[in-house]
2 protein chains.
Amino acid sequence: MEYRYKDAIIINPLMRGGIVPKDVQERLFKEGWTEVGYTLCFDCIEGRSSLITKPPIKRHLEDVAKFFGGDVAEHTFGCRAAQYAVMKAAKEAAVERKLKKIVIADPNSHYSTNIAAEMAGLQVVEPPHTGYPEYKVTLEAYEEKIDAIGEPALVMATHADPYYGNISPVEELGKLCYEKEIPFLVNAAYTGGVMPINIKDIKADFLTLSAHKSMASLAPLGYLVTTYEWSKRVFAVSKAAPDWTGRGFGKKIPGLFGCSVGGLPLASSIMSFPLVKKRVKEWPEWEKKINAFIDKLEEIDDLMLLGERPHRHHLMHFETPVFWEISKHHRRRGFFLAEEMFRRGIVGLHKGLSKHVKLSIYGLTDEEIEKVVNAFEEIAAMKE
Amino acid sequence: MEYRYKDAIIINPLMRGGIVPKDVQERLFKEGWTEVGYTLCFDCIEGRSSLITKPPIKRHLEDVAKFFGGDVAEHTFGCRAAQYAVMKAAKEAAVERKLKKIVIADPNSHYSTNIAAEMAGLQVVEPPHTGYPEYKVTLEAYEEKIDAIGEPALVMATHADPYYGNISPVEELGKLCYEKEIPFLVNAAYTGGVMPINIKDIKADFLTLSAHKSMASLAPLGYLVTTYEWSKRVFAVSKAAPDWTGRGFGKKIPGLFGCSVGGLPLASSIMSFPLVKKRVKEWPEWEKKINAFIDKLEEIDDLMLLGERPHRHHLMHFETPVFWEISKHHRRRGFFLAEEMFRRGIVGLHKGLSKHVKLSIYGLTDEEIEKVVNAFEEIAAMKE
């Protein structure tokens, strides 16, 4: 097994927020955290990894909760597991309160949202987006859908969506859900740890986060941040007891498989978190850089950004008819684009696709960004 | 955050099978696998990490399935997630076939088994064990319980249990379940990757594995190995479609959150697997070493092994009245034992406990094993 991408410029938009700082990588290896999967658990006497005080996992989770404006946080097996825990809790609450077993979720949601709903037994209903070329999901679309459904189990919004990098109207939606007393989940897998988000400000009940997507951490790791009120349900401990031993598992949280272990990903996230807190403050500068980059890329042939303008997230989706044209006559067909990029030391475009590209320059140096622009220019010039 | 245990002799029985080989640790770091959580996913065009051919994840999973005598394997977020997937599938099948929503599980099961059952909505019923000092679970106890229940959704056995390291009568139980047409799960979290196990031989339908417990891998990572027949249900792909976009997620497996990501733990497991396959063949030698170690430890004061004899697993549980005596007069109370061990470069005893200890010497050198024996001897001699 070979890793071919060392020292390449990574532009995969799923990955840019998850790049693990060099010094964290070194610490993990040199200090010995990689010796065994359970290096966080040597001093566990608390019965659940999120309660461990040495190393300070408990304090870290308090920090995470506070940073995102929540009351309680638990680490999870990725953002998908966090979303599942929310859907499960919302479904249970819906059954009790006789609400509809429906989650209203945006049509640009990540697949893990839909799978989490499927796992929990919630049906997904979508407000429509505005279509080409912006694909925005408006407050009005949500409002109409909520009015049509009546009492859904949950409303959810993908803070920045994985298709176009559009930012959902989470503040207005939070206000609306608060007024209508509908539980509200914001999936910040692509934003939390990159740009500011605070669930108190947006009146959300749940925030789901991906440490390996946006918090400079190894995978798989996510966080679920919530309020005191919802924590009682979503982080409720085990109540079951087998019949003969009658053993109890009173520290374990069934919504999170009892204990979410953590392992090396959690160690990496704890080490990266100070950087994450710092970099979020620098977001406005990145917004400028990203929009400047978009301008430059749109100067190339017929490239055009899809999604909202000005762009408010680092995930960019371009329509690239010129590359599609080239691919038709290229012996590597759609694969030529990713391969040409890789020849230039750039990795992360989806292989085989050339009609559209999704990429990010978040966290790259100015020099690296220039290399990316130049690479696209050179490749576009391949058109006969 | 500080890691205090580098180069210590680890005797925690959860960890000995999960020690990551030094060269794998080095490769992960030096080759660049730690750069970002998604280093396995750069070449993913298949839509699920388990289908990726570059690096050879698909082939690795075929290897894993074959090695354990199964037809199909998927990687999971730890053995607990694998158990959950089984329980969920068994529950669904039970509802369809009008079986009881009950899983018969041994009374020495790991808590994750019980939590997985709770998550899936199955009630746990336990055959009794034989009590002090062996705590064995016999075929007869299972048979009686199966007869009493009639048609349970699932029978499960913990191959080696986490309390005493007893080996369940999985061959006989497999035969019995096969005859009675009851789905049978073996949780090999403490054995698969350390000692031989083959689900064809034992006629099991499911085998759950912990890569970070017994397959020399980073955490969190597990595997679920099953038959073709059950794979259709337990690894069934998503069928849901949201109403407006009508998007389908036909490669994603809801029982496993769509895609179990993998990340660095999976990279480590792929690298460790050749070693794992090799070391399993050396198990008979370890059985001898372990029983010789037990003899030596039982020569110390009133130390006595609990669990079956001869011992057939590397997890050992000793009753240690002498340490309990010492702890009563020690200013560090129950903590003295783990602390005295650590002063001698040995780590992994559960902190605060002195009446009983659980430990393992699996994979240690003869010299290290001697150090462990000496440490216990020295500490026992502290008795006034």
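Just so we're on the same page: letters track the sequence lines, and every chain starts at 1.
Between A:Thr113 and A:Asp106 the shortest side-chain heavy-atom distance does not fall below 4.5 Å. Within the 4.5 Å cutoff, side-chain heavy atoms of A:Trp33 are placed close to those of A:Leu40. A:Tyr3 is listed as a side-chain neighbour of B:Thr39, based on a closest heavy-atom distance under 4.5 Å.
Counting only distance, with no hydrogens or angles, the side chain of B:Arg247 and the backbone of A:Tyr111 share no donor-acceptor pair below 3.5 Å. Between the side chain of B:Glu118 and the backbone N or O of A:Lys239, at least one donor-acceptor pair lies under 3.5 Å. The closest donor-acceptor contact from the side chain of B:Ser268 to the backbone of B:Pro265 lies under 3.5 Å.
Residue B:Glu2 touches chain A through its backbone alone, counting heavy-atom pairs closer than 4.5 Å. Residue contact with chain A, scored on non-hydrogen atoms closer than 4.5 Å, is absent for B:Ala338. Residue B:Lys251: no heavy atom, backbone or side chain, is found under 4.5 Å from chain A. Contacts between B:Phe342 and chain A at a heavy-atom distance below 4.5 Å are absent for every atom of the residue. For B:His129, the parts lying near chain A are the backbone and the side chain together; criterion is any non-hydrogen pair under 4.5 Å. If you measure heavy-atom distances from B:Pro56 to chain A, the contacts under 4.5 Å come from the side chain alone.
The choice from B:Pro220, B:Ala116, B:Pro55 that makes the most heavy-atom pairs within less than 4.5 Å of chain A is B:Pro220. Listed options B:Gly263, B:Pro128, B:Cys41 were ranked by heavy-atom pairs under 4.5 angstrom with chain A; first place goes to B:Pro128. Here B:Lys213 is the residue among B:Lys213, B:Gln83, B:Met271 with the most heavy-atom pairs under 4.5 Å with chain A. Taking B:Pro21, B:Cys259, B:Ala105 one by one and counting their heavy-atom pairs under 4.5 Å with chain A, the maximum is reached by B:Cys259.
No side-chain N or O of B:Tyr5 forms a donor-acceptor pair with one of A:Glu35 less than 3.5 Å apart. Neither side chain, B:Asn108 nor B:Thr158, offers a donor N or O lying under 3.5 Å from an acceptor on the other.
Contacts from residues 12-19 of chain A to chain B, taken as heavy-atom pairs separated by less than 4.5 Å, involve A:Leu14, A:Met15, A:Gly18, A:Ile19 in sequence order.
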Salt bridge (charged side-chain N to carboxylate O under 4.0 Å, His left out) between B:Lys88 and B:Glu92, worked out:
CA-CA 6 Å; B:Lys88 191 166 179 279; B:Glu92 283 169 15; 3.5 Å; yes
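Within a 6.0 Å sphere centred on NZ of A:Lys351, heavy atoms belonging to other residues, nucleotides or ligands number more than 12.
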